[in-house]
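Here is the naming used below: chain letters follow the sequence lines, and residue numbers restart at 1 for every chain.
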Protein chains: 2
Amino acid sequence: MEKALSLTEENYIKAIFQIGTTPESNVSTNALADSLQTKPATVSDMIKKLSYKKLIFYEKYKGVTLSESGLKEALKIIRKHRLWEVFLVNHLNFKWDQVHEIAEQLEHIKSPELVNRLDDFLGNPTIDPHGDPIPDANGQVQLGSSKLLSEMTSHENGIIVGVKNEDPLLLQHLDKINIRLGLYIEVKEVNGFDQSMQVKLADLGTLFLSEKITSQILIAKNL
Amino acid sequence: MEKALSLTEENYIKAIFQIGTTPESNVSTNALADSLQTKPATVSDMIKKLSYKKLIFYEKYKGVTLSESGLKEALKIIRKHRLWEVFLVNHLNFKWDQVHEIAEQLEHIKSPELVNRLDDFLGNPTIDPHGDPIPDANGQVQLGSSKLLSEMTSHENGIIVGVKNEDPLLLQHLDKINIRLGLYIEVKEVNGFDQSMQVKLADLGTLFLSEKITSQILIAKNL
DNA sequence: ATTAATTTTTAGATTAGTCTAAAAATTTAA
DNA sequence: TTAAATTTTTAGACTAATCTAAAAATTAAT
Ligand SMILES: [Mn+2]
Ligand SMILES: [Mn+2]
Ligand SMILES: [Mn+2]
Ligand SMILES: [Mn+2]
């Protein structure tokens, strides 16, 4: 019976998962230090420990990748984080910009029974309030294919299915201009210089969006 | 702005509150060590820290008492613990013997907003699944006056309003013999030697209870 | 292919929380 | 009211997680 991961270890495993584009990509010491708001020296130490515990593969100066068991742990934490976000938004009436911080704490509660009952209570949701997929009890993730709004060109259209970033300032701004998941959006015009866009939102009229914002919005790929 | 208490500090504050009969009673080093499953030497150290932070009053060799701010913190933690227990039992279908451990973790989640919304979601309950009162947002506790079943004599009767202990073995046993909160109970006979009792439960017939058990069951005082 | 810049690791400290063993104070009992 | 038992505190050490400063390795630029 391996001892349970500490809160810190869990945060490292999750960060490695989230920084890596694919589960195979190498994650650098500095990237982890940035993401975890700590120093590279600290990361070096922790990396050695996680490697010793076989949660990651590590070669000096070469960065790290999650092992099978590390990936499993990462998905468990992310599952919890996203389920709790659904609970907070759907049942406690939090806004989508208020839940990330709280979920950062709740994701570390240890009780498999709790997670599964919460999942059932919520109706086994497949996405969280930001459109991110929720891994199931076996760690399976339903990856709905999507593209960035910023990658679309004039006259293309689609349904908004997610936001890449959970920065409250971004989310509050999207609220203010009536952008939310599920809405139909149509690209009217793209400015060739700064990539800013004029878009039409369902029946809510048109608006201008900077590239900073369009690069955070995910649109369903109509297959 | 005082820094938030650590998880460990919170557990000490809560234990001091729970061991003391009244908020004024002195709590000994050994009692804390027992309750927190740690060593007296460790308690001595922590006590100094809490005293420095003015959460407790402490005189060497004389035990500790909660200060005003310490008491406030204790009530906040207990409020959270009990609200989460209500959530687990009423909404996630946990049994009353399964929730204590999980609530021990959840009680440390830091977000006043979360606690208050949870309270509303639950319908502002005043007692938890074990009959313990839930402090309100201002730390006010509604103390329903009760006495121990073991203190009652032949032919006395009343309503079961709580259990003193959350040991899963006790709670599971009470389940098995159909004892639960809200039931009418009548003392038929008390054995003078071992204080064991024959009691009649609502319309569920009679049963024998040892003093070990009767001393854990709380009955409403009919004023 | 050297040199310069950047990244990563090591070395040495620090803090929170814990422990064991021993000393000191208090309480209980003779 | 001494002596014995118990409780509590101190002393010294350990682990996890962190830091700063310096050394080593890698990568980028002349
Ligand atoms: Mn989040
Ligand atoms: Mn999310
Ligand atoms: Mn409890
Ligand atoms: Mn309870």
Side-chain angles (χ1 to χ4, degrees), chain A residues 1-16 19-21 25-66 70 73-74 77 104-105 107-108 110, chain B residues 1-16 19-21 25-66 70 73-74 77 104-105 107-108 110:
Chain A
M1 214 64 86
E2 310 86 9
K3 239 194 91 221
L5 300 188
S6 73
L7 185 146
T8 308
E9 290 171 332
E10 288 193 344
N11 281 334
Y12 272 80
I13 293 295
K14 185 175 57 136
I16 294 168
I19 294 168
T21 325
S25 41
N26 264 68
V27 175
S28 76
T29 301
N30 272 0
L32 277 169
D34 268 11
S35 163
L36 294 164
Q37 314 229 67
T38 184
K39 295 289 179 290
T42 308
V43 173
S44 272
D45 280 346
M46 182 57 73
I47 265 174
K48 274 183 234 153
K49 182 158 53 138
L50 296 175
S51 173
Y52 175 77
K53 291 191 173 188
K54 301 199 190 302
L55 291 157
I56 60 176
F57 298 119
Y58 168 54
E59 269 188 284
K60 263 188 201 167
Y61 296 97
K62 298 284 169 66
V64 300
T65 333
L66 290 176
E73 289 300 327
I77 302 161
E104 285 292 311
Q105 297 180 60
E107 72 190 2
H108 300 289
K110 284 171 175 71
Chain B
M1 215 59 89
E2 311 86 8
K3 238 195 90 217
L5 300 187
S6 74
L7 186 144
T8 307
E9 291 171 330
E10 288 193 342
N11 281 334
Y12 272 79
I13 293 295
K14 183 175 59 135
I16 294 168
I19 292 168
T21 325
S25 43
N26 264 69
V27 175
S28 76
T29 302
N30 272 0
L32 276 169
D34 269 12
S35 163
L36 293 163
Q37 314 228 68
T38 183
K39 295 289 180 288
T42 307
V43 173
S44 271
D45 280 346
M46 182 58 73
I47 266 176
K48 273 181 237 154
K49 182 159 50 140
L50 297 175
S51 173
Y52 175 77
K53 291 191 174 187
K54 301 199 190 304
L55 291 158
I56 60 177
F57 299 120
Y58 167 55
E59 270 187 282
K60 263 188 201 167
Y61 295 98
K62 298 285 169 67
V64 300
T65 334
L66 290 176
E73 288 300 326
I77 303 161
E104 286 292 312
Q105 297 180 60
E107 71 189 4
H108 301 290
K110 284 170 177 72

Inset, instruction - Output the distance between atom OG1 (Thr65(B)) and atom CG (Asn26(B)), rounded to the nearest 0.5 Å. - result: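 Here the rounded value is 4.0 Å.
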Legend entry - Spacing of Met46(A) atom CE and Ile13(A) atom CD1 [to the nearest 0.5 Å]: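 Separation between the atoms: 9.5 Å.
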Nearest to the side chain of [X], heavy atoms from C-beta on, is which of [options]?
X        : options                   : answer
Tyr61(A) : dT10(D), dA21(D), dA25(D) : dA25(D)
Ser44(A) : dT10(C), dT8(D), dT18(D)  : dT10(C)
Ala41(B) : dC19(D), dT9(C), dT10(D)  : dT10(D)
Lys48(A) : dT18(C), dT8(C), dT10(C)  : dT10(C)
Pro40(B) : dT9(D), dC19(C), dT9(C)   : dT9(D)
Thr29(A) : dT8(C), dT9(D), dA21(D)   : dT8(C)
Thr38(A) : dT18(D), dT9(C), dT10(D)  : dT18(D)

Legend entry - Derivation and outcome, side-chain contact (heavy atoms from CB on, under 4.5 Å), residues Ile77(A) and Asn11(A): CA-CA 9 Å; Ile77(A) 302 161; Asn11(A) 281 334; 5.9 Å; no
Rounded to the nearest angstrom, tell me the gap between atom [atom1] in [X] and atom [atom2] in [N].
X        : N       : atom1 : atom2 : value
Leu32(B) : dT9(D)  : CG    : P     : 10 Å
Lys39(B) : dA22(C) : NZ    : P     : 16 Å
Asp45(A) : dA16(D) : CG    : P     : 12 Å
Asp34(B) : dT8(D)  : CG    : P     : 10 Å
Tyr12(A) : dT18(D) : OH    : P     : 5 Å
Met46(B) : dT18(C) : CE    : C1'   : 9 Å
Lys53(A) : dA16(D) : NZ    : C1'   : 10 Å
Ile47(B) : dT18(C) : CD1   : C1'   : 15 Å

Inset, instruction - Using a strict cut-off of less than 4.0 Å between a Lys/Arg side-chain nitrogen and an Asp/Glu carboxylate oxygen, indicate whether Glu107(B) and Lys14(B) qualify as a salt bridge. - result: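 A salt bridge is present here (some side-chain N lies under 4.0 Å from a carboxylate O).
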It should be established whether [X] places a side-chain nitrogen or oxygen under 4.0 Å from OP1 or OP2 of nucleotide [N].
X        : N       : value
Tyr52(B) : dA16(C) : no
Ser6(B)  : dA16(C) : no
Asn30(B) : dT6(D)  : no
Lys60(A) : dT7(C)  : no

Legend entry - Heavy-atom pair of closest approach, residues Val27(A) and Gly20(A):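 In terms of heavy atoms, the two residues are closest at CG2-N, 3.8 Å.
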Inset, instruction - Could you tell me whether Thr8(A) contacts a base, only the sugar-phosphate backbone, or nothing, with contacts defined as non-hydrogen atoms closer than 4.0 Å? - result: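 The residue Thr8(A) makes sugar-phosphate contact but no base contact.
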